[in-house]
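Each chain gets a letter, A, B and so on, in the order its sequence line appears, and its residues count up from 1.
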Number of protein chains: 2
Amino acid sequence: MNASSNRSPAELARPRRGRPPKTPEQRADGNRRQDLINAAARLFRQKGFDATSTRDIAAAVGMRSGSPFYHFDSKQALLVAVMEDGMQSALRWLESRMSEAQREGANDEQLLQTMVRAHMDVLWGDHRDFIPVMLQEWQVLSAEQRRGIAELKDAYEAHWNPVLARLIAQGRLRAEVTMARLMLFGAMNWTLKWYDPSGRVALDDWTDQLVALVLQQPRDSAPSPAMRQA
Amino acid sequence: MNASSNRSPAELARPRRGRPPKTPEQRADGNRRQDLINAAARLFRQKGFDATSTRDIAAAVGMRSGSPFYHFDSKQALLVAVMEDGMQSALRWLESRMSEAQREGANDEQLLQTMVRAHMDVLWGDHRDFIPVMLQEWQVLSAEQRRGIAELKDAYEAHWNPVLARLIAQGRLRAEVTMARLMLFGAMNWTLKWYDPSGRVALDDWTDQLVALVLQQPRDSAPSPAMRQA
DNA sequence: CCTACCGATCGGTAGG
DNA sequence: CCTACCGATCGGTAGG
């Protein structure tokens with residue numbers, strides 16, 4: 001009943017000014033913040049931002065209802081943290097997979113394939129709670145909150161453009177760069193609505209099919225008409 | 001201050017039992033229900049289902065807070081009505097556009113083009129508030145509520161399969177039927193996240209680009225290798 | 001379809 | 001990070 005009866009004599013002797021003393025549960029230190037972000041990502045994804053209460057998030061990490069606001073100014077700030085965290089990992093993952101493919105001398109078709117596969121990892125891999133939340137709850141953010149994350153998004157998209165541009169120049173892709181990217185992203189991101197990772201189609205197969213669908217088959221050995229004119 | 005002071009003598013004389021007398025505002029009769037559906041569709045789309053209160057919807061049609069529940073059992077029932085209404089119009093629209101194309105002797109490429117364009121109308125035309133709500137808020141429904149609407153969705157998708165199957169057989173589409181449909185729907189439905197109807201790209205142009213991206217260019221006059229083997 | 005209302009829940013805060 | 005709390009809002013209902 002009386003909280004002070006649980007305190008050790010040493011704690012009672014400590015002056016109450018300055019930072020509050022850490023109880024064992026708090027000792028996890030800096031990653032309590034990360035715990036909140038992870039729990040928020042999972043719940044926002046499962047139930048949506050509006051349908052998730054800050055109490056749900058607190059309970060998921062063993063906190064009381066008011067405590068998330070010690071770490072974040074608002075529920076929206078937590079959402080921003082989820083999206084930033086997600087975009088940073090996504091960007092790192094895409095870049096690492098591209099680097100590896102290029103180191104192995106991949107051609108542009110293989111590079112596109114690698115990037116599509118990497119994007120599917122972003123949507124469906126270990127970090128799967130983060131980017132789907134960003135894609136689903138983007139409109140919840142204020143214009144100002146969007147700006148910071150938009151920089152990361154732009155960087156992510158920028159990696160696709162030169163690859164798509166080269167495939168277009170080779171006659172393998174019949175579209176404008178931006179349009180091709182948006183259509184690819186549409187096909188990929190829409191899997192969030194229907195894809196069952198435990199189902200019949202593996203992510204590798206799915207990737208192959210999307211690339212096959214979108215790329216024009218190479219015109220035997222002869223250069224494409226577009227190349228001949230250039 | 002006193003509501004009864006606004007009633008005409010004739011109204012005051014009418015007995016209070018049975019159906020309440022209709023004031024001029026109520027005289028619109030049966031389409032008050034449709035008014036609620038239309039307002040709900042618009043608000044659900046603009047703000048999302050959770051962020052829209054039944055009070056918002058009531059106010060949008062000039063009702064008081066409790067009155068929507070005279071027409072609908074619950075907020076979710078209103079959502080179901082929006083989706084059903086939307087899917088029925090969508091289905092009718094797709095079928096009418098397909099019939100017209102076939103009457104004019106369209107080939108399969110032209111038919112696909114017509115269907116993609118019709119789907120963009122569904123997403124961005126006069127009825128634009130309805131299907132986007134269905135796509136966005138599908139998970140809000142209970143399994144039981146989904147079943148009825150799923151039948152309409154299945155009918156809508158069923159129209160695509162034979163067309164895609166023929167294009168695959170002709171070597172114009174490199175994918176399985178279901179996969180091709182899901183990828184096409186992904187590219188189309190994802191426009192909800194980024195397309196600006198007042199922007200540079202018209203829906204006709206967008207349609208052309210998607211069809212060009214996805215269809216293999218015809219192999220001159222020679223039959224495709226796939227056809228030769230069959 | 002309105003009036004008047006209820007119980008529940010929610011984001012957030014003061015103070016320690 | 002907890003306790004205790006506040007004002008606001010919400011879906012829904014009884015009764016007419």
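Contact check for Met87(A) versus Glu151(A): no side-chain heavy atoms found under the 4.5 Å cut-off. At least one side-chain heavy atom of Lys75(B) sits under 4.5 Å from a side-chain heavy atom of Phe49(B). Arg45(A) is not listed as a side-chain neighbour of Arg42(A), based on a closest heavy-atom distance of 4.5 Å or more.
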**Q.** Base versus backbone protein contacts along nucleotides 7-14 of chain D [heavy-atom cut-off under 4.0 Å; B, S, -]
**A.** ---BBBB-
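Atom CD of residue Glu95(A) and atom CE of residue Met115(A) lie 10.0 Å apart, to the nearest 0.5 angstrom.
Between Arg147(B) and Glu144(B) there is no salt bridge, since no side-chain N of the basic residue sits under 4.0 Å from a carboxylate O of the acidic one.
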Per-pair distances, 0.1 Å, donor-acceptor, side chain in residues 52-59 of chain B, under 3.5 Å, sequence neighbours excluded:
residue  : atom : partner  : partner atom : Å
Thr52(B) : OG1  : Leu43(B) : O            : 3.2
Thr52(B) : OG1  : Gly48(B) : O            : 2.8
Ser53(B) : OG   : Arg55(B) : N            : 3.4
Ser53(B) : OG   : Asp56(B) : N            : 3.0
Ser53(B) : OG   : Asp56(B) : OD1          : 3.3
Ser53(B) : OG   : Asp56(B) : OD2          : 3.3
Asp56(B) : OD2  : Lys47(B) : NZ           : 3.0
Asp56(B) : OD2  : Ser53(B) : N            : 3.1

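Ring pair Trp194(B)/Trp206(B) is tilted by interplanar angle, where 30° to 60° counts as tilted.
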Q) Tell me, what's DNA chain D's dot-bracket, Watson-Crick or G-U with both distances under 3.5 Å, | for other-strand, [ ] crossing? A) ||||||||||||||||
